[in-house]
Amino acid sequence: NNNSNNNIKINIKLEKLKEGLYFTYGLNNKNGIDFFRAVECFEQAISLGSISARVYLARLYNYGLGVYPSATKANELCYEAINHGLISKNNKKLDLLNNEEEEEE
C-alpha cells in the first residue's frame, strides 16, 4: 500500500513536470507558449519533490519568462537542484541554466 502511494506521487510529479514542459514550449496551447502556466506546473512538481522542475523553473526566473526576472531566485533553485543530487557540484551554474538536458531524477 505504501509503494502504491509512492508510485501515485511519482506519477503525479512526472505529469506536472511534463505539463510544465508542454506549456514552456507551447506544445499544449493553441495560442502559443504559456509561461505563467508553466511556472505554476513547475512549482507544483517541486512541491511533490521534482528535482528537474527546479532547473526548468530556474531558467524561467533567469530569463524572466512568466515571472519577474530574478537571478537570485534562479541561483537558489539551481543550488537546490545541486543539493538534491541532480548534477555534480563541479558544474557551473550558467551551464545548468542553459543546458537543455539534465540527468534523470
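Count residues from 1 along the sequence.
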Inset, instruction - Tell me, please, which residues at least two apart from E43 pass side chain to side chain donor-acceptor pair (under 3.5 Å). - result: none
Legend entry - OG-CG distance between S52 and L57, expressed to the nearest 0.5 angstrom: 12.5 Å
Legend entry - K16 NZ to S47 OG distance, which is reported to the nearest 0.5 Å: 9.0 Å
Legend entry - Side-chain (N83) to main-chain (Y79) donor-acceptor, under 3.5 angstrom: yes
Legend entry - Rounded distance [0.5 Å steps], OH in Y63 versus CZ in F35: 11.5 Å
Inset, instruction - Find out whether Y56 and L17 are in side-chain contact, i.e. whether some heavy atom of one side chain is under 4.5 Å from a heavy atom of the other. - result: yes
Legend entry - Residue pair A58 / A74: nearest heavy atoms and the distance that separates them: O-CB, 3.4 Å
Legend entry - Shared hydrophobic cluster, L65 / F36 (ILVMFWY, side-chain heavy atoms < 4.5 Å): no
Legend entry - Smallest separation among heavy atoms of A38 and G20, with atom names: CB-O, 3.6 Å
Legend entry - Partner set under side chain to side chain donor-acceptor pair (under 3.5 Å) for E40, not counting sequence neighbours: R37
Legend entry - From K73 atom NZ to N75 atom CG, the distance as rounded to the nearest 0.5 Å: 11.5 Å
Legend entry - Side chain to side chain, T72 and Y61, heavy atoms closer than 4.5 Å: no
Inset, instruction - Of all the heavy-atom pairs spanning V55 and A81, show the shortest one and how long it is. - result: CG2-CB, 3.8 Å
Inset, instruction - To the nearest 0.5 Å, tell me how far L77 CG sits from L60 CG. - result: 10.0 Å
